[in-house]
There are 4 protein chains.
Amino acid sequence: MPVRYGVVTPNPQYGVETPVVKRLRADARRNRARLLAVAEDIFATRGLTVSTEEIAAAAGVGIGTLFRHFPTKEALLEAVFVERLSALADEANALALAPEPGEVFVAFIRDVLLQARSKSAIADALASAGVDLQHTAADVKAELNSALERLLSNAQRAGAVRDDISIAELLAVLVGASRAVQHLGGNAELEARTITIFLDGLRPPT
Amino acid sequence: MPVRYGVVTPNPQYGVETPVVKRLRADARRNRARLLAVAEDIFATRGLTVSTEEIAAAAGVGIGTLFRHFPTKEALLEAVFVERLSALADEANALALAPEPGEVFVAFIRDVLLQARSKSAIADALASAGVDLQHTAADVKAELNSALERLLSNAQRAGAVRDDISIAELLAVLVGASRAVQHLGGNAELEARTITIFLDGLRPPT
Amino acid sequence: MPVRYGVVTPNPQYGVETPVVKRLRADARRNRARLLAVAEDIFATRGLTVSTEEIAAAAGVGIGTLFRHFPTKEALLEAVFVERLSALADEANALALAPEPGEVFVAFIRDVLLQARSKSAIADALASAGVDLQHTAADVKAELNSALERLLSNAQRAGAVRDDISIAELLAVLVGASRAVQHLGGNAELEARTITIFLDGLRPPT
Amino acid sequence: MPVRYGVVTPNPQYGVETPVVKRLRADARRNRARLLAVAEDIFATRGLTVSTEEIAAAAGVGIGTLFRHFPTKEALLEAVFVERLSALADEANALALAPEPGEVFVAFIRDVLLQARSKSAIADALASAGVDLQHTAADVKAELNSALERLLSNAQRAGAVRDDISIAELLAVLVGASRAVQHLGGNAELEARTITIFLDGLRPPT
DNA sequence: CATGAATGAGATTTCATTCAT
DNA sequence: TATGAATGAAATCTCATTCAT
C-alpha cells in the first residue's frame with residue numbers, strides 16, 4: 001500500500017474496528033451526546049436565542065465541533081427535539097405493557113408534566129420559531145404516536161378516559177398542560193391542583 | 001376676537017388643550033398605536049425574531065420613529081404584552097357585570113382561546129425569551145387579576161366552576177389551553193373537543 | 001393693504017420697531033445666548049460627542065430652535081469657539097491699556113489658564129475634530145491677534161518676555177498650557193508649579 | 001521520531017508549545033497587532049469618529065475580527081492608548097541607562113514631541129471623549145511613571161532640570177507641549193522655538 | 001419663531017457558519 | 001476529527017437634520 005502524502009485521511013490500514021479509530025469515534029459520540037444534553041438544558045432554561053458558541057463552550061468543545069455534528073443550529077434544535085420525543089416514546093412503550101391501563105395512563109401524564117417543570121420550553125419554542133420538523137422527525141413521531149395510541153385506547157377501554165378524543169387531542173392537552181406547569185414555576189401545590197384539572201377533563205363526562 | 005396675522009404660536013389664551021398642540025400628539029399617538037398593532041400581529045405570526053426594521057416598515061414609519069416610541073426592542077415587546085393583558089382585563093371587567101356567571105365564565109375562556117388561535121405566541125415567546133415583565137406590567141397584571149377574580153368567584157358561587165382553585169390555577173389553565181389551541185393550528189373540530197376537555201376539567205367534580 | 005391668507009409672514013404693517021416684534025426677537029436672542037452658554041459648558045465637560053438634542057434640552061428649548069439658530073452642529077461649535085475667542089480678545093484689549101506691561105502679560109496668561117481649568121476642551125476638541133474655522137472666525141481671530149500682539153510686544157519691550165518669539169509661539173504655548181492645566185484636573189498646587197514652568201519658559205533666557 | 005500520518009491533532013507529547021498551536025495564534029496575534037497599528041494611525045490622523053468598519057478594512061480584516069479582538073470600540077481605543085504608553089515607557093527605560101542625564105532627558109522630551117506631531121491626538125481625544133482609562137491602564141501607567149521618575153531625578157541630580165517639580169508636573173508639561181506641537185501643524189521653525197520655551201521652563205531658574 | 005415627532009443614513013455589535021491549522 | 005479565528009450579513013440603535021403643526 002502506497003504511503004499517501006498530502007490529503008490527510010484516517011489510514012484504512014487499521015479498518016473501522018481498530019481501537020485507534022474506535023477511540024476517536026467514541027470521543028465523537030461522547031461529544032455529540034454532551035452537546036445534545038447541554039443544548040437541551042440551555043435551550044430550555046435560556047430560550048432559543050442562546051448562541052451556538054455558548055452551547056459549545058458549555059459542552060466543553062470548540063464551535064467547530066458543534067457544527068461538525070450538527071450542520072446548522074436548526075439541526076441541533078431538531079436533534080434535541082427528536083431526543084425528547086424518543087425518550088417519551090420509550091417511556092410510553094414501556095408503560096403500555098403494564099396492567100391497570102387507567103393508572104398507567106395517569107402515571108404517564110404526570111411523568112411528562114413533571115419533566116416539563118424543568119425541561120421543555122423546547123417544544124413551545126420550536127413551534128413558535130416556526131421550525132418545521134415534519135419530515136425529519138417523522139419516524140420518531142410515528143413511534144410516539146403508536147405508543148400513545150396504545151396507552152390511550154387501553155385507558156379508554158378500561159373506562160378511565162373519555163371516548164370522544166383521539167391522540168390529536170391528547171397531544172394538544174399534553175402540550176398545553178406542559179406549558180401550564182412551566183408557567184407555575186415549580187410551586188408544587190398549584191401544580192398538583194392544576195394537573196388535577198387536566199386529568200379530570202380527560203375523564204369520561206358524567 | 002380679531003383674526004390674528006403674523007407669527008403663529010400656540011396662543012396661551014387657549015391653554016395646552018388647543019387643537020394645534022393636540023393634533024401633533026395625535027399623530028404621534030396614532031403612530032404608536034399602529035406600531036403596537038403591527039408588532040402584535042407580526043410577532044404573533046412570525047415569531048419574536050422579526051427585525052425591528054420590518055415592523056417599522058409594516059407600520060409605515062421610519063425605524064427612527066419606532067425607536068423614539070420604544071427605546072429598545074424589548075420595550076416594544078413589553079408594550080405589546082401589556083397591551084394584550086390590558087385588553088383581556090377590559091373584556092373580563094365588562095363580562096363581570098353580566099348575569100349568568102357560569103355562562104359568562106365559559107364565554108370568556110372561549111374568547112381568550114379564540115384569540116390565542118391567531119394571535120398569542122407572544123406570551124409564550126416572551127416567557128421563553130426570558131423577558132422579565134414582573135415589574136413593568138405590575139399594574140396591568142393587578143387589574144387583570146382582580147377582574148378574573150371577580151369572574152371566577154362569581155362562577156364558583158353559581159356552582160359552574162369547581163371550588164378548589166384560585167386565579168393562579170385558572171391563569172395556568174388559560175396559558176396552557178392557549179398553547180394547546182395554538183398547537184392545533186386552526187383545526188376547528190379538534191379545537192372544539194380540546195377546549196371541552198379544559199372546560200370539563202374546570203367544572204365541579206362529581 | 002390686502003389681507004393675506006395662506007402664507008404666514010410677519011405683518012409688515014407693524015414694522016421692525018413695534019414692541020410685538022421686538023419682544024419676539026428678544027426671546028430669540030435670549031434663546032441663542034442660552035444655547036451658546038449651555039453648549040460651551042456641555043462641550044467642555046462632556047466632549048464634542050454630546051447630542052444636539054441634549055444641548056437643546058439643557059438650554060430648555062426644542063431641538064428645532066437649536067437648528068434654527070445654528071443650522072448645523074458644526075455651526076454651533078464654531079459659534080461657541082468664536083464666542084470664546086471674542087471674550088479673550090476683549091480681555092486682552094482691556095489689559096493692553098494698563099501700565100506695567102510685564103505684570104499685565106502674566107496676569108493675562110494666568111487668567112486664560114484659570115478659565116481653561118473649568119471650560120475649554122473645546123479648542124482641543126475642535127482641532128482634533130478637524131473643524132476648519134479659518135474663514136468663519138477670521139475677523140475674531142484678527143482682533144485677538146492684534147490684541148495679543150500689543151500685549152506681547154509691550155511685554156517684550158519691557159524686557160519681561162523673551163524677544164525670539166511671536167504671537168504664533170505665544171498662542172501655541174497658551175493652547176498647550178491650557179491643555180496641561182486641564183490635565184491636572186484642579187489640583188491647585190500642581191497647577192501653580194506647572195504654570196510657573198510655562199511663564200519661566202517665556203522669560204528672556206539668561 | 002516517526003512521521004505521523006492520519007488524524008492531525010495537537011499531540012499532547014509536545015505540550016501547548018507545539019508549532020501547530022502557535023501558528024494559529026501567531027495569525028491572530030498578527031491581526032491584533034495590525035489592527036492596533038492601523039487604529040493608532042487612523043485615530044491620530046482622522047479623529048476618534050472614524051468607524052470601526054473603516055479601521056477593519058484598513059487592517060485588511062473583517063469587521064468581525066476587529067470585534068473578536070476588541071469587544072467594543074472603546075476597548076480598541078484603550079488598547080491603542082495602552083500601546084502608546086507602553087512604547088513611551090520602553091523608550092524611557094532604555095534612555096534611563098544612558099550617561100549624560102541632562103542630554104538624555106532633553107532627547108526624550110524632543111522625541112515625545114516629535115511623535116506628537118504625527119500621532120497623538122489620541123490622548124487628548126480620549127480625555128475629551130471622557131473615556132476612563134484609570135483602571136485599565138494602571139500597570140502601564142505605573143511602569144511609565146517609574147521610568148520617567150528615573151529620567152527626571154537623574155536629570156535633576158545632574159542639575160539639568162529644576163528641583164521644584166515632580167513627575168506630575170513633568171507629565172502635565174509633556175501633555176501640554178504635545179498639544180502645542182500638534183497645534184503648530186508641522187511648521188518646523190515655530191515648533192523648534194516653542195519647544196525651546198518648554199525646555200527653558202524646565203531648567204533650574206537662575 | 002418654537003416645537004418635537006419623524007426620518008434614515010450610518011454606526012456599533014452579534015452570531016451562524018466556514019475553513020485553515 | 002477538533003479547534004477557534006475569521007467572516008460578513010443582518011440586527012439593533014443613534015443622532016443630525018427636516019418639516020408639519
Side-chain angles (χ1 to χ4, degrees), chain A residues 8-10 21 24-25 27-28 31 49-54 56-57 61-69 71-74 76, chain B residues 6-10 18-29 31-32 49-54 56 61-74, chain C residues 8 10 21 24-25 27-28 31 49-54 56-57 61-69 71-74 76, chain D residues 6-10 18-29 31-32 49-54 56 61-69 71-74:
Chain A
V8 175
T9 49
V21 171
L24 287 170
R25 293 210 165 159
D27 272 26
N31 277 341
T49 51
V50 283
S51 68
T52 49
E53 194 128 18
E54 201 169 344
V61 303
I63 182 66
T65 301
L66 187 153
F67 274 90
R68 164 168 286 271
H69 286 291
T72 65
K73 189 182 188 182
E74 193 177 322
L76 175 58
Chain B
V7 183
V8 174
T9 48
T18 56
V20 175
V21 172
K22 282 209 105 167
R23 185 87 40 92
L24 199 64
R25 292 196 174 161
D27 271 30
R29 220 178 290 139
N31 274 337
R32 202 192 119 97
T49 50
V50 282
S51 70
T52 48
E53 195 136 15
E54 200 170 343
V61 303
I63 184 67
T65 300
L66 187 153
F67 276 93
R68 162 171 276 266
H69 286 289
F70 309 98
T72 64
K73 189 184 188 180
E74 192 177 323
Chain C
V8 175
V21 173
L24 286 172
R25 292 208 167 162
D27 272 25
N31 277 341
T49 50
V50 282
S51 68
T52 48
E53 195 129 18
E54 201 169 345
V61 303
I63 183 66
T65 302
L66 186 152
F67 274 90
R68 165 167 285 271
H69 286 290
T72 65
K73 189 183 188 181
E74 193 177 322
L76 175 58
Chain D
V7 183
V8 175
T9 49
T18 56
V20 174
V21 171
K22 283 208 106 168
R23 185 88 39 90
L24 199 64
R25 291 196 174 161
D27 271 29
R29 220 178 289 139
N31 273 338
R32 201 192 120 97
T49 50
V50 282
S51 70
T52 47
E53 195 137 15
E54 200 169 345
V61 303
I63 184 65
T65 301
L66 187 153
F67 276 91
R68 163 171 276 265
H69 286 289
T72 64
K73 188 183 189 182
E74 193 177 322

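Just so it is clear: chains get the letters A, B, ... in the order the sequence lines come, proteins before strands, and each one is counted from 1.
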To check you understand the geometry: which heavy-atom pair defines the closest contact between [X] and [Y], and what is its length?
| X | Y | value |
| --- | --- | --- |
| Val61(D) | Asn31(D) | CG1-OD1, 3.4 Å |
| Phe67(C) | Thr72(C) | CE2-CA, 4.1 Å |
| Thr52(B) | Lys73(B) | CG2-CG, 3.8 Å |
| Ile63(D) | Ala56(D) | CA-CB, 3.9 Å |

**Request:** Determine, for nucleotides 11-18 of chain E in 5'-to-3' order, which nucleotides have protein heavy atoms under 4.0 Å from the base (write B), from only the sugar-phosphate (write S), or from neither (write -).
**Result:** SBBB-BBB

Atom [atom1] of [X] to atom [atom2] of [N]: distance rounded to whole Å?
| X | N | atom1 | atom2 | result |
| --- | --- | --- | --- | --- |
| Asp27(C) | dA2(E) | CG | C1' | 10 Å |
| Phe70(B) | dT12(F) | CZ | C1' | 16 Å |
| Glu54(C) | dT14(F) | CD | C1' | 13 Å |

**Request:** Could you tell me whether the phosphate oxygens of dA5(E), OP1 or OP2, come under 4.0 Å of any side-chain nitrogen or oxygen in Arg68(B)?
**Result:** yes

**Prompt:** OP1 or OP2 of dT1(F) less than 4.0 angstrom from a side-chain nitrogen or oxygen of His69(A), does that happen here?
**Reply:** no

**Request:** With rounding to the nearest 0.5 Å, note down the distance linking CD in Glu53(C) to CG in Leu66(C).
**Result:** 10.0 Å

**Message:** I want to confirm an ordering. Mapping Val61(C) and Asn31(B) to their closest nucleotides on DNA chain E, which one lands closer to the 5' end?
**Reply:** Val61(C)

**Asked** Under a 3.5 Å cut-off on both pairing distances, which runs of 3 or more consecutive Watson-Crick or G-U pairs involve DNA chain F?
**Response** E:2-21 with F:2-21

